[in-house]
Amino acid sequence: MSDPACEAKPACEAKPACEAKPAYEAKPASPEPRFEPKIVAFLCNWCTYTGADLAGTSRIQYPPNVRIIRLMCSGSVDPTYVLKPLLDGADGVLIGGCHPGDCHYQSGNYKARRRTIALKEILRGAGIDETRVWLRWISASEGQRFADTVTEMTEFLREKGPNPMRTEWAV
Amino acid sequence: MEQEPRIGVYVCHCGVNIAAAVDVEHVARAAAELPGVVVARDNTYMCSDPGQALIKQDIREHGLNRVVVASCSPRMHERTFRAAAQQEGVNPYQVEMANIREQCSWVHRDKSRATEKAGLLIASAVAKAARLEPLEQREVDVTPGVVIIGGGIAGMTVALDVADTGLPAYLVEREESLGGRVAELNRTFPSLQPVSDLLQPLIARVQDHPNVTVFLTSCVSQVDGYIGNFEVEISGYGETGTPAGGDPASKSGTPRAGLSVGSIIVATGYDVFDPQRTPELGYRDYPNVITSLEMEERLIQGDLTVDGRRPERVAFVKCVGSRDARLGNPHCSRVCCMYTAKQARLVREMLPEAEVTVFYIDVRAFSKGGEEFYDETRSQGVRYRRANVSEIYRKRSAPGVDAGLAPRAGAAPVLLVAEDTLLGQPIEFEADLVVLAVGMEPRKNAGVIQKLLKLPRSADGFFLEAHPKLRPVDTAMDGIFLAGCCQGPKDIPDTVAQAKAAASSALIPLIRGSVPVESASAVVNGELCAGCAMCADVCPYDAAALDDLWGTSRINPVLCKGCGACAVTCPSSAIHLQHFTAEQVLAQVDALVE
């Protein structure tokens with residue numbers, strides 16, 4: 001919905017008489033503007049979301065490319081939750097759940113695993129690069145592992161380049 | 001009743017915790033322009049009384065029906081803000097949080113990118129808030145009773161406090177007897193009271209208490225459930241005396257008991273640093289180099305002789321395995337300064353003619369009466385020398401030392417090589433007996449408890465408290481609390497204080513009789529349901545079942561725990577998980593991916 005032609009305005013409707021704001025929308029002036037992938041992460045409340053909090057309390061730094069949505073269980077990740085960001089132009093989707101055997105709801109993570117395998121098959125069939133979807137088990141005590149996963153995924157997607165679906169679906 | 005969303009957005013500076021990495025005023029201004037937002041403000045501390053008063057005032061003045069707080073993790077303060085909103089008549093489930101501290105300002109240093117991300121997270125929270133529906137708060141009854149893992153002084157203190165309220169306490173100890181590490185000690189500091197004087201009555205009280213059940217040579221092998229209703233399985237701890245480590249499943253015997261309790265307390269204690277990891281100090285190479293814990297045993301037995309000889313020069317080396325990042329232990333063990341002073345004093349008493357020298361990096365005598373005890377120790381003739389000991393060895397020329405006689409050379413003195421850090425000079429010091437003041441480490445098998453209870457650990461390997469200052473005995477898991485050295489090194493008074501704190505925290509839900517639980521259950525739309533019963537197949541709690549009369553699915557909201565598996569499985573999209581509906585989640589996706 002944001003149009004590159006309307007300069008440095010936030011994506012939402014800007015109200016008039018809004019004082020001069022710092023130009024954070026503008027990309028930082030780095031010599032070689034790197035591609036910054038957008039990652040949408042669906043994290044289960046009990047393990048990976050808490051693990052991400054632990055990365056915070058431990059001040060473990062990782063790239064800001066990940067945007068987290070909290071769900072109660074990785075087993076509640078609907079295939080549309082993964083498809084929609086990919087079709088909207090996100091470069092990757094991370095699903096984070098408890099380690100096998102540790103699910104707060106007994107078996108939600110196994111359901112997530114089966115569903116993700118099937119979904120990847122469908123993505124492949126539809127010509128969408130299924131390696132953009134990552135399913136990882138990260139427990140509440142693995143703040144470092146969360147940070148490492150985000151770093152690794154950001155590097156992976158940076159190498160891979162922007163999600164082509166974005167341009168193909170834009171109207 | 002459909003309400004037009006009227007959203008208030010509150011962005012917290014958290015002092016500088018958020019403001020240092022995120023331009024808070026900017027994101028608050030940007031939030032004001034999001035759809036449905038009536039008012040957006042920033043405040044130094046949203047969780048403070050003035051911060052909450054601000055929210056309440058806005059709810060009254062602007063007629064807000066939804067509140068978005070952008071601050072710390074919802075795990076930290078969601079309850080606070082829900083309660084504040086509820087007081088002004090806003091349904092607590094129409095409060096949404098944007099986690100811009102733990103998941104943004106604390107993990108990103110680039111201010112412009114952190115600000116951009118914070119703005120997106122707030123937009124996502126606003127998008128969800130606009131679609132939030134009011135829900136009824138639910139409570140479940142709790143099972144009275146507490147399982148305490150570890151029968152040391154911390155665990156026993158907790159058990160007695162719980163039992164004295166009349167509730168059952170289950171004390172699980174893997175060894176054959178209660179007492180833990182304290183049972184290995186001789187006297188306390190600074191009172192020099194024999195440890196057995198305080199430990200034996202405590203053990204006796206625990207064993208005689210009608211409300212305490214003690215499980216010896218046992219371990220916790222399985223934990224299910226949640227705050228208020230944990231199911232804990234107790235198994236035998238295999239052969240006694242097996243070294244720590246490994247997983248309990250392989251060592252534990254048949255299950256001994258299945259317990260239903262409301263709270264769990266972890267009081268698993270610590271391990272002592274093994275100085276074989278500092279081979280330069282000669283531990284195990286020379287029989288007259290011993291650890292402080294071995295010294296405690298000798299003091300209990302009243303025998304300080306080395307190979308039958310009374311030592312004339314006794315040296316203590318402090319900070320062995322503590323304050324040493326090289327060994328992975330950058331932390332201070334907090335007790336070594338005081339127990340070394342105590343041992344040095346006792347050696348002076350038992351061997352008045354011996355010369356007693358303490359080699360230290362710093363002296364930290366902070367406990368109550370500690371500094372006075374340290375002063376008294378020095379005035380009694382114990383010499384303190386500020387020096388880093390780099391090596392302990394025995395000269396080849398020492399009497400009785402050669403290849404063939406080495407095992408008999410126990411009494412031969414050793415040489416401490418050190419740098420006197422006040423003089424700035426290397427020194428050598430001969431001693432007949434060297435005591436290494438070893439520090440505390442996390443239990444080697446702490447990972448077992450970590451996995452079993454899903455507890456986070458801090459960088460030093462000890463269990464992590466929920467908040468370093470305000471929630472020092474709570475953990476990230478509701479209903480599970482920490483007591484004693486499993487959370488970090490402590491002396492006996494601090495351990496007992498923490499144990500008593502853990503006991504009262506653990507008792508809160510038990511005495512209250514109920515705990516609030518997730519109201520967000522799954523709901524079936526009967527109009528869409530085709531009656532395939534796939535939801536009943538996937539439900540781990542048997543909450544979904546077909547209605548006898550209508551043939552469509554019904555979900556029992558008391559049994560439903562809100563995992564959402566059925567909602568994803570339903571081929572007719574007839575089920576939605578309240579508070580995490582597809583509409584809400586996809587709106588969040590829209591806000592995050594412009």
Side-chain angles (χ1 to χ4, degrees), chain A residues 1-2 10-15 18-19 21-22 24-25 28 36 38 40 42 46-47 49-64 67-73 75-81 84-85 88-90 98 102 104-108 111 115 139-141 143 147, chain B residues 23 26 29-30 32-35 73-76 99 101-110 112-117 119-121 123-124 226 450-451 454-459 464 476-477 518 520 538 540-541 561-565 567-569 577 580 582 585-586 588-590 592-594:
Chain A
M1 92 198 234
S2 74
C12 55
E13 241 70 61
K15 285 199 181 115
C18 165
E19 320 94 62
K21 41 173 105 74
Y24 284 119
E25 287 77 13
E36 293 296 352
K38 285 179 199 164
V40 175
F42 297 99
W46 306 98
C47 288
Y49 190 88
T50 312
D53 275 356
L54 179 63
T57 44
S58 315
R59 310 296 199 279
I60 303 167
Q61 306 290 306
Y62 57 83
R67 296 102 194 254
I68 294 168
I69 293 178
R70 180 168 75 119
L71 296 176
M72 292 315 279
C73 181
S76 72
V77 175
D78 194 281
T80 55
Y81 298 180
K84 181 157 172 51
D88 284 355
C98 310
D102 279 353
H104 187 80
Y105 302 106
Q106 299 179 18
S107 55
K111 290 166 186 148
R115 207 167 277 136
S139 82
S141 55
Chain B
D23 185 339
H26 170 74
R29 274 197 303 272
E33 293 159 24
L34 294 168
S73 169
R75 304 186 68 88
M76 182 72 75
N99 186 342
R101 190 180 75 176
E102 279 84 346
Q103 296 180 0
C104 188
S105 72
W106 276 353
V107 288
H108 309 312
R109 291 212 180 92
D110 180 337
S112 71
R113 295 196 65 202
T115 301
E116 184 196 344
K117 176 171 169 180
L120 287 167
L121 292 177
S124 157
Y226 52 93
Q450 175 186 10
K451 267 197 187 158
K454 301 180 187 117
L455 295 182
R457 294 204 270 164
S458 44
L464 181 66
M477 300 302 291
E518 209 41 71
V538 296
Y541 305 102
K561 304 258 191 296
C563 71
V568 191
T569 304
L577 174 62
F580 293 92
V585 174
L586 294 177
Q588 284 187 282
V589 169
D590 266 339
L592 291 178
V593 188
E594 331 94 288

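Reckoned from all heavy atoms, side chains included, excluding hydrogens, waters and symmetry mates. In what follows, chains carry the letters A, B, and so on, assigned in the order in which the sequence lines appear, proteins first and then strands, with residues in each chain numbered from 1.
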So OG1 of A:Thr57 and CD of B:Glu102: to nearest 0.5 Å the spacing works out to 6.5 Å
Any donor-acceptor pair under 3.5 Å from A:Lys111 side chain to B:Val568 backbone: no
Proximal component of B:Leu120, with respect to chain A [non-hydrogen, under 4.5 Å]: side chain
Under 4.5 Å from any heavy atom of chain A - which part of B:Gln450: side chain
On a heavy-atom basis, which atom in B:Leu586 and which in A:Thr80 lie closest, and how many Å separate them? CD2-O, 4.0 Å
Can you tell which part of B:Ala565 gets under 4.5 Å to a heavy atom of chain A, answering side chain, backbone, both or neither? both
For each of B:Cys104, B:Gly564, B:Ala459, B:Ala567, tally heavy-atom pairs with chain A at distances under 4.5 Å, and name the one with the top tally. B:Gly564
Which heavy atom of A:Ala140 sits nearest to which heavy atom of B:Pro456, and what is that distance? O-CB, 3.9 Å
B:His108 side chain vs A:Gln61 backbone, donor-acceptor pair below 3.5 Å: no
Could you check whether any side-chain heavy atom of B:Leu592 comes within less than 4.5 Å of a side-chain heavy atom of A:Ile69, counting everything from C-beta outward? yes
Measure B:Arg109 against the heavy atoms of chain A and call it side chain, backbone, both or neither at under 4.5 Å. both
Who wins among A:Gly75, A:Cys47, A:Gly108, A:Ser58 for the most heavy-atom pairs under 4.5 Å with chain B? A:Gly75
Do B:Ser124 and A:Arg67 have side chains that get closer than 4.5 Å, going by heavy atoms? no
Applying ring-ring contact (aromatic ring centres under 6.0 Å, His included), can you list everything that pairs with A:Tyr49, at least two apart in sequence or on another chain? none
To the nearest 0.5 angstrom, please state how far the CE atom of B:Met76 sits from the CG atom of A:Asp53. 8.0 Å
When every non-hydrogen atom of B:Gln103 is compared with those of A:Ala52, the smallest separation belongs to NE2-CB, 3.6 Å
Selection from B:Val538, B:Leu464, B:Leu577 maximising heavy-atom pairs under 4.5 Å formed with chain A: B:Val538
Rounded distance (nearest 0.5 Å) linking atom NZ of B:Lys561 with atom NE2 of A:His104: 8.5 Å
Test side chain to side chain contact (heavy atoms under 4.5 Å, CB included) on B:Val593 and A:Val40; report intermediate values, then the result. CA-CA 8 Å; B:Val593 188; A:Val40 175; 3.5 Å; yes
Main chain of A:Pro64, side chain of B:Arg113: is a donor-acceptor contact present, judged purely on distance under 3.5 Å? no
Of all heavy-atom pairs between A:Tyr81 and B:Phe580, which one has the smallest distance, and what is that distance? OH-O, 4.0 Å
Once rounded to the nearest 0.5 Å, what's the spacing between atom CG of A:Leu71 and atom SG of B:Cys563? 12.0 Å
Here the gap from A:Arg70 atom CZ to B:Gln588 atom CD, rounded to the nearest 0.5 Å, amounts to 9.5 Å
